[in-house]
Amino acid sequence: MSITVDHITKLYGSQKALDDISLEIKPGEVVGLLGPNGAGKSTLMKILTCYIPPTSGDASVCGFDVMEQSMEVRRRVGYLPENNPLYTDLYVMEFLEFMEGITHGLKSQKSEVRSTKTRTKDEVRSSISAERIKEVINLTGLESEQHKKIGALSRGYRQRVGLAQALLHDPEVLILDEPTSGLDPNQLVEIRNLIQSIGREKTIIMSTHIMQEVEAICDRTIIIHKGKIVADDKTQNLRKIESSKIIVKVEFDKPVTREELVKIVGVKEAINANSHIKHPISGIWHLESKPSIDIRPAIFKFAVDNSLTVLSLQQDEHRLEEVFQEVTRT
């Protein structure tokens, strides 16, 4: 199991940031961690990366305990914090070389560097380090920026540098805290594609407030509210959480009225998409169902009984944003 959290609680004085939470994340999963501000997301990430200890409970990464075997955990985790601290006066290549030197201690015990007859151990290590930096630069799309100062890069490229740094020691687990925060739409797409590419080989936990990112990237979504897990399922399944209403969008080939539509069995309300017009009688209608009733068969029956053709019919899936609002409502 890549990550196991067993009844973790974290207190800051009298404030309970995490309240007896448990979860398991399997190898190769890309998991979205959602929650309102102050829900406990960053606290959980800091515990898993050995920055802070839990008040009670246990957690392990790749089979290693975060308290008793913290160095083994750090060798297997790459971490991109929300603020992405970088040395802005260093060049990209210079920064990665510096960070590679720091992380070599994490990497060296995973794979021993072997010397040859013609090269010293340091020379072999230097060659391996250069190759790894080149691999990471190519992976994160920094080829054209590697000789620029970090301070001269756009926010999107700075995020790439942060990801490159987190990947240097080839970790098995990536923990990304708000990796797309503050990016423009084009940068969002680039970082999203990058995370998806990396996720093919690694376990990833990603916190974000951008629901579209979770829907596009994550296999599974965990929602935390007031220190507790209030939802945990595959992302596509979470959209199917029963809501108080279901909306069906329907378009007929002939005009119909609201009065006719609300008489359909199971229909609670009918709103025309052109409701800004004083007396709308055509176009697309949004039909709200009564609780736990599938109104689609009744809509087709209504069409047949009134010699109408259904041009389009679509039942709205709940957006993840709506599910989030529903399960975190105080």
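Each residue takes its place number in the sequence, starting with 1. Atoms considered below: every heavy atom in the structure, side chains included; atoms not considered: hydrogens, waters and symmetry mates.
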Out of the candidates Ile222, Thr4, Ile224, only one should pair with Leu23 under the side chain to side chain contact (heavy atoms under 4.5 Å, CB included) rule; please name it.
Ile222

Is it true that Asp177 and Ser42 share a donor-acceptor pair across their side chains at a distance under 3.5 Å?
yes

Carefully, step by step, assess Lys41 and Glu178 under the rule salt bridge (Lys or Arg N to Asp or Glu O under 4.0 Å).
CA-CA 10 Å; Lys41 306 185 300 296; Glu178 300 284 350; 5.1 Å; no

Under-4.0 Å salt bridge between Glu190 and Arg160:
yes

Using only atom types and a distance under 3.5 Å, with no angle test, would you say the side chain of Thr203 pairs donor to acceptor with the backbone of Gly28?
yes

Evaluate the side-chain proximity of Ile217 to Met206: yes if any heavy-atom separation is below 4.5 Å, no if none is.
yes

Taking only Lys NZ, Arg NE, NH1 and NH2, and the carboxylate oxygens of Asp or Glu, determine whether Glu213 and Arg192 approach each other closer than 4.0 Å.
yes

Find out whether Arg296 and Val248 are in side-chain contact, i.e. whether some heavy atom of one side chain is under 4.5 Å from a heavy atom of the other.
yes

Lys149: what forms a side-chain contact (heavy atoms from CB on, under 4.5 Å) with it, not counting sequence neighbours?
Tyr91

Closer than 3.5 angstrom, by distance alone: can the side chain of Asp219 be matched with the main-chain N or O of Val30 as a donor-acceptor pair?
yes

Whether Arg155 and Asp184 form a salt bridge (side-chain N of Lys/Arg under 4.0 Å from carboxylate O of Asp/Glu) is what I want to check.
no

Salt bridge present between Glu135 and Arg132 (N-O < 4.0 angstrom)
yes

Checking side chain to side chain contact (heavy atoms under 4.5 Å, CB included) against Phe302, which of Val310, Ile295, Leu308 comes through?
Leu308

Does a side-chain heavy-atom distance below 4.5 Å link Leu176 with Leu163?
yes

Checking Asp20 against Thr9: is there a side-chain donor and acceptor pair closer than 3.5 Å?
no

Taking the side chain as C-beta and beyond, is there a heavy-atom pair between Val31 and Thr221 under 4.5 Å?
no

Are Tyr12 and Lys10 close enough that some pair of their side-chain heavy atoms sits under 4.5 Å apart?
yes

Of all pairs that satisfy ring pair (Phe, Tyr, Trp, His ring centres under 6.0 Å), the ones with a partner from residues 141-166, not counting sequence neighbours
none

Minimum side-chain heavy-atom gap Ile47-Pro53 below 4.5 Å:
no

May I ask you to test the Ile284-Val250 pair for a side-chain heavy-atom distance under 4.5 Å?
no

Ser207 side chain to Leu33 backbone, donor-acceptor under 3.5 Å
no

